[in-house]
Amino acid sequence: MEQAGEGQMGPNAPITVTDPVILVLASGATPAVVGTARGRLFESFVARLLHAYGYGKPTTERLNTTANGIELDVVASHEMTRQTALAECKAYTSHIPASMVAIFHSKLITRRNNAPDDRAQGFFVAIPRLTADGHEYARAITTHDEGFHLLTSRDIADKLRERGWIVDCPLREPLTSDQAVVITEDGVHAACLELDADSRKPVRALIWAAYGQVPASVLAAVAAAEYSQGCPVVDVRAAAFRDTPSAQPHAEPSPVIVTVAGSRSDFEYQLPAAPRFFVGRKQLVDELRRALDDHTGVLVLNAQSGWGKSSAALRLESLVTYRQLAGRQQFFALQRLPARAACGTWPGALTGSRSASTAPTSATVTEHSRRARSYVSGIPAAMSLYRPPR
């Protein structure tokens, strides 16, 4: 789950489960006709998007609509600088891989080499977004090429909101998720799913225009799309909707506290479940013990995903717990020692001496009592300093 919607806080803030959805909806008698209509709608939308960046009407070089999505290649010229822009748009149902970014950047470099006087700009539109490797590759390109621009569905939604083509949901009370941009023949609208406060399941699809009401044809198109998940679609600006009870302000629900595997109380930090066996890694365990001996502060376990950081952290917790219990036993044993600190036979384990028959000084007992009390009060409370790297 990603961050909540901008400007909205509290338990009823929107829950953004995915990137904003870009819905290109069209009607037609056959799937082929619908596909062609969706392609033309997307082509018109990209032209309007490039215009927001200062470019004139683009020339379409390739338009392909398949069951997996829409592919569009266009060329445009900046209205002021006359600088050329290449735009390759991929609107898929899945994330776009890094290989497609590499192919597009190669085309952009070739275009620049063929026309050295025209420092062509490149716009790669990836809907919904790139894969993790794709984003890493795109970041590497932008580090060295200021003329390369990546636009994901979130970037597009932010740009549309900046231009005033879409606005945030007029309602602040409902719990919402799955923000969307709806593109139809009747224009661009914003939408989201309203969730039940208890089950967190969609109950309605909410849609709204920047100004005025949403046409009935757009409501019908969203209702027929998979996005609505069979829920009723309503215009939040319509008077009939504003009069419904669910659209009225309601009291904030009480917070829900969930106990998950690995927790022993409602308010404990949510640790994962410990593995059944902890095998090997003696060097790491020894280093953790030394950190506890030194009363080191914050310990940072830094490793790649899947290398066992969680199990190592749980192992550290068990070491601390063991020492707390041992410290309590030492403390209680010291409380029962006779007042004559220099007399009698003292266990070496309690005083830290090598010989079990060595009588400690009163200063040694005092120091050991202090150490025992530090364990009783809790090791984590003492671990508040930064441990420098070795």
Side-chain angles (χ1 to χ4, degrees), residues 1-8 10-28 31 34 37-38 41-42 45 67 69-70 91-94 127-129 152-154 156-158 160-161 164-250 253:
M1 183 180 302
E2 300 182 7
Q3 63 187 14
E6 181 179 355
Q8 300 189 43
N12 283 349
I15 300 174
T16 304
V17 177
T18 60
D19 293 306
V21 181
I22 307 296
L23 293 176
V24 183
L25 305 178
S27 58
V34 172
R38 291 180 66 243
L41 276 174
F42 188 64
F45 172 75
I70 305 173
Y92 289 170
T93 56
S94 58
I127 300 174
R129 64 183 299 130
T152 65
S153 60
R154 186 171 298 280
I156 293 173
D158 291 342
L160 297 181
R161 193 175 291 107
W165 298 345
I166 63 173
V167 295
D168 292 332
C169 182
L171 298 177
R172 298 299 180 185
E173 291 80 19
L175 184 68
T176 60
S177 177
D178 293 71
Q179 311 297 315
V181 175
V182 182
I183 303 170
T184 66
E185 294 178 352
D186 295 293
V188 179
H189 300 84
C192 67
L193 297 180
E194 180 184 1
L195 306 180
D196 180 81
D198 296 324
S199 66
R200 297 304 199 261
K201 293 182 179 180
V203 292
R204 282 189 295 200
L206 308 180
I207 187 169
W208 60 94
Y211 305 98
Q213 296 187 1
V214 180
S217 58
V218 178
L219 296 176
V222 175
E226 294 182 0
Y227 170 79
S228 64
Q229 301 183 36
C231 299
V233 181
V234 293
D235 179 2
V236 299
R237 295 191 188 276
F241 172 75
R242 290 197 299 269
D243 295 336
T244 58
S246 64
Q248 302 300 322
H250 54 274

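Along the sequence shown, residues carry numbers from 1. Just so you know, these numbers come straight off a predicted model, no measurement behind them.
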> Hey, what do you get for CG (Leu193) to SG (Cys231), rounding to the nearest 0.5 Å?
Replying inline: 6.5 Å
> Looking only at heavy atoms, what is the nearest atom pair of Val214 and His189, with distance?
Replying inline: CG2-CD2, 3.9 Å
>> Measuring from atom CD1 of Ile207 to atom CD of Gln213, what distance do you get when rounded to the nearest 0.5 angstrom?
In response: 12.5 Å
>> If I take atom CZ from residue Arg129 and atom CD1 from residue Ile127, how far apart are they, to the nearest 0.5 angstrom?
In response: 13.0 Å
Would you tabulate the side-chain donor-acceptor contacts of residues 222-230 under 3.5 Å, counting partners in other chains and residues two or more places apart, or write 'none'?
from   : atom 1 : to     : atom 2 : distance (Å)
Tyr227 : OH     : Asp178 : O      : 2.5
Tyr227 : OH     : Cys192 : N      : 3.3
Ser228 : OG     : Val222 : O      : 3.3
Ser228 : OG     : Ala223 : O      : 3.2
Ser228 : OG     : Ala225 : O      : 3.1

> Is Val181 close to Val21 at the side-chain level, that is, under 4.5 Å between some pair of heavy atoms?
Replying inline: no
>> Before you tell me yes or no, could you show the steps for Asp19 and Arg154 under salt bridge (charged side-chain N to carboxylate O under 4.0 Å, His left out), namely the whole-Å CA-CA distance, both residues' side-chain angles and the distance that decides it to 0.1 Å?
In response: CA-CA 6 Å; Asp19 293 306; Arg154 186 171 298 280; 3.5 Å; yes
> Can you name the closest pair of heavy atoms from Asp168 and Trp208 and give their distance?
Replying inline: O-NE1, 3.5 Å
> Stepwise, does the side chain to side chain contact (heavy atoms under 4.5 Å, CB included) test hold for Glu185 with Leu41?
Replying inline: CA-CA 7 Å; Glu185 294 178 352; Leu41 276 174; 4.0 Å; yes
> Minimum heavy-atom separation for Val167 to Ala209, with atom names?
Replying inline: CG2-O, 4.1 Å
> Which pair of heavy atoms, one from Val236 and one from Pro170, lies closest together, and at what distance?
Replying inline: CG2-CD, 3.6 Å
>> What verdict does the side chain to side chain contact (heavy atoms under 4.5 Å, CB included) test give for Asp186 and Ser217, after you've listed the backbone C-alpha separation in whole Å, the side-chain angles of each residue and the deciding distance to 0.1 Å?
In response: CA-CA 8 Å; Asp186 295 293; Ser217 58; 2.6 Å; yes
> Taking all non-hydrogen atoms of both residues, which atom of Ala210 and which atom of Arg237 are closest, and how far apart?
Replying inline: O-NH2, 3.5 Å
>> On a heavy-atom basis, which atom in Ile166 and which in Ala157 lie closest, and how many Å separate them?
In response: CD1-O, 3.8 Å
> In Å, rounded to the nearest 0.5 Å, how long is the span from CZ of Arg204 to OG1 of Thr176?
Replying inline: 12.5 Å
> Among all residues two or more places apart in sequence or in another chain, which pass the side-chain hydrogen bond (donor to acceptor under 3.5 Å, both in side chains) test with Ser153?
Replying inline: none
>> To the closest 0.5 Å, what do you measure between CD (Glu194) and CG (Leu175)?
In response: 8.5 Å
>> For the CH2 atom of Trp165 and the CD1 atom of Ile183, what is their distance to the nearest 0.5 Å?
In response: 10.5 Å
